[in-house]
S.K.: 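Just passing along the structure, written as structure tokens.
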Amino acid sequence: MKRERVEEIAEILDKRGKMTLEQLEEVFPNVSQMTLRRDLFQLEEDGKIIRVRGGAMSVKEVQKVSGEAYIKKTTINTDAKLVIAQKAATLIDEGSSIFLDGGTTAMYLAKELSDIRCNIFTNGIAVAMELAQKRNIDVTVVGGQLMRENLSTASPAAKEYFARTNFEIAIVSATAFTPTNGFSCNSQIESDLLKQVFEKSRQVYMMLDSSKIGKINPYTFAHTEDINVLITDDNFPKEYKALFESSNIVVM
């Protein structure tokens, strides 16, 4: 019975793309919300859905604009990414000018963000498509070479474009961090773009889940002293938290 219900939920989500818990309760009036939540957890573990605040969306919905590499990333450390995204969403004020990168944590942030009046610049295709569903957010997508592994773009032309653009906040993520090597990524051109964004931003917020600690990628784009706020999950090591706080960086 449970397996049949779980499979039915997956089929409905594949057809609709995205549903809230309230909508699922309407479809399954005799099933408690707690049970439906457990079903969604199961489906996420099976790699069929992505949980978002208040509901879930089908992996196939994301696959419409992405490849397997990006899909795989969206289903890794989802709890941590949701926690970070929800924290970051509270920091965005109406009327702000913001840069948001194209990582999977940024996609979760795009889902969590309230539909307020603001300007968001992004090099993330999936991020932009999620933001496009919100009526009050002005979205500018920066062009360039497509990096398929994270559905982002970057180019020297984009770097020049940002030389004439100002941001209240840059909200970015890193795929690796060590105290010595700083925040790093896998693309030189993306690293150069982020450095330019940081120069044009009043504040830099770094989204970093604890699984990235101790990893090193080829291209460092920032060090501890380059950021103002670190947004992380509940498993972030205490010694690293102390390291950031000793540099007067707010850790959330």
Side-chain angles (χ1 to χ4, degrees), residues 1-91 100-115 124 126-127 129-131 133-134 149-151 171 173-175 207-215 230-237 252:
M1 183 70 178
K2 176 187 175 182
R3 173 50 58 183
E4 291 177 359
R5 184 181 64 249
V6 170
E7 290 176 355
E8 187 176 354
I9 291 173
E11 290 176 2
I12 293 171
L13 279 167
D14 281 347
K15 291 178 181 177
R16 298 195 187 183
K18 186 176 180 179
M19 292 183 71
T20 65
L21 269 173
E22 288 73 18
Q23 289 171 328
L24 283 171
E25 285 180 292
E26 291 176 4
V27 178
F28 300 94
N30 298 320
V31 182
S32 70
Q33 188 177 102
M34 183 64 70
T35 298
L36 289 172
R37 286 181 184 275
R38 285 196 293 266
D39 291 344
L40 294 180
F41 273 105
Q42 180 62 54
L43 285 168
E44 186 173 57
E45 288 181 1
D46 294 342
K48 294 182 179 180
I49 69 161
I50 299 170
R51 285 184 299 122
V52 297
R53 184 171 61 181
M57 67 183 296
S58 170
V59 163
K60 290 183 179 180
E61 183 73 8
V62 183
Q63 283 178 325
K64 291 178 183 178
V65 295
S66 65
E68 291 299 323
Y70 193 81
I71 286 295
K72 185 176 180 180
K73 287 183 179 182
T74 62
T75 57
I76 296 173
N77 299 321
T78 53
D79 286 338
K81 290 175 181 177
L82 273 171
V83 167
I84 292 169
Q86 288 166 0
K87 290 178 181 179
T90 66
L91 302 176
L100 187 58
D101 74 359
T104 54
T105 306
M107 190 187 75
Y108 278 99
L109 172 54
K111 296 178 186 297
E112 298 295 318
L113 186 60
S114 299
D115 189 6
V127 171
M129 293 193 69
E130 186 64 36
L131 291 172
Q133 300 179 45
K134 303 178 189 292
E149 71 278 3
N150 62 0
L151 279 181
I171 306 178
S173 53
T175 53
M207 300 187 293
L208 184 74
D209 73 68
S210 52
S211 70
K212 307 301 193 303
I213 296 294
K215 296 182 179 180
L230 179 75
I231 309 168
T232 188
D233 58 82
D234 297 335
N235 295 319
F236 197 72
M252 296 182 64

S.K.: State the CG-CE distance between Leu230 and Met207, to the nearest 0.5 angstrom.
M.R.: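 Reported to 0.5 Å precision, the distance equals 11.0 Å.
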S.K.: What distance separates Asp39 CG from Leu21 CG, expressed to the nearest 0.5 Å?
M.R.: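 CG of Leu21 is found 10.5 Å from CG of Asp39.
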S.K.: What residues form a side-chain hydrogen bond (donor to acceptor under 3.5 Å, both in side chains) with Thr105, not counting sequence neighbours?
M.R.: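 Listed in chain order: nothing, the list is empty.
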S.K.: For Lys87, enumerate each residue passing the side chain to side chain contact (heavy atoms under 4.5 Å, CB included) test, keeping only those at least two apart in sequence or located in another chain.
M.R.: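 Side chain to side chain contact (heavy atoms under 4.5 Å, CB included) check on Lys87 returns Val83, Ile231, Asp234, Met252.
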S.K.: With sequence neighbours left out, what residues match Thr90 under side-chain hydrogen bond (donor to acceptor under 3.5 Å, both in side chains)?
M.R.: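 Once residues adjacent in sequence are excluded, Thr90 has no partner under the side-chain hydrogen bond (donor to acceptor under 3.5 Å, both in side chains) criterion.
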S.K.: For Glu8, give me all partners under side-chain hydrogen bond (donor to acceptor under 3.5 Å, both in side chains), at least two apart in sequence or on another chain.
M.R.: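 Here no residue qualifies.
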S.K.: Taking side chain to side chain contact (heavy atoms under 4.5 Å, CB included) as the test, write out the residues that go with Val27, two or more places apart.
M.R.: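 With sequence neighbours excluded, Val27 shows a side chain to side chain contact (heavy atoms under 4.5 Å, CB included) to Ile12, Arg16, Met19, given in chain and number order.
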S.K.: Excluding sequence neighbours, so at least two apart, what forms side chain to side chain contact (heavy atoms under 4.5 Å, CB included) with Ala174?
M.R.: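 If we apply the side chain to side chain contact (heavy atoms under 4.5 Å, CB included) test to Ala174, skipping adjacent residues, the hits are Phe183, Met206, Leu208, Phe221.
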S.K.: Considering all heavy atoms of both residues, which atom of Gly103 and which atom of Val127 are nearest to each other, and what is their separation?
M.R.: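 Scanning both residues, the minimum pair turns out to be O-CG2, 4.1 Å.
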S.K.: What residues form a salt bridge (charged side-chain N to carboxylate O under 4.0 Å, His left out) with Asp101, not counting sequence neighbours?
M.R.: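 Residues passing salt bridge (charged side-chain N to carboxylate O under 4.0 Å, His left out) with Asp101: none at all.
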S.K.: Measuring from atom CG of Asn30 to atom CZ of Phe28, what distance do you get when rounded to the nearest 0.5 angstrom?
M.R.: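 Those atoms lie 11.0 Å apart.
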S.K.: Only counting residues at least two apart or in another chain, list the ones meeting side chain to side chain contact (heavy atoms under 4.5 Å, CB included) with Asp115.
M.R.: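 Testing Asp115 for side chain to side chain contact (heavy atoms under 4.5 Å, CB included), a comparison that skips the adjacent residues, returns Lys134, Arg135, Asn136, Ile137.
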S.K.: Minimum heavy-atom separation for Asp209 and Thr232, please, with both atom names.
M.R.: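 That closest heavy-atom pairing would be CA-OG1, 4.2 Å.
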S.K.: Could you state the interatomic distance from CD1 (Ile171) to CG (Leu113), rounded to the nearest 0.5 Å?
M.R.: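 Taking CD1 in Ile171 and CG in Leu113, the distance rounds to 8.0 Å.
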S.K.: Could you tell me the separation between the NZ atom of Lys81 and the CD atom of Gln86, rounded to the nearest 0.5 Å?
M.R.: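 The CD atom of Gln86 is 14.5 Å from NZ of Lys81, to the nearest 0.5 Å.
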S.K.: To the nearest 0.5 angstrom, please state how far the CD1 atom of Ile9 sits from the CG atom of Leu40.
M.R.: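 Going from the CD1 atom of Ile9 to the CG atom of Leu40 covers 6.0 Å.
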S.K.: Do Arg38 and Gln42 pair up side chain to side chain, a donor and an acceptor below 3.5 Å, judged on atom types alone?
M.R.: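 The answer is no; no qualifying pair exists.
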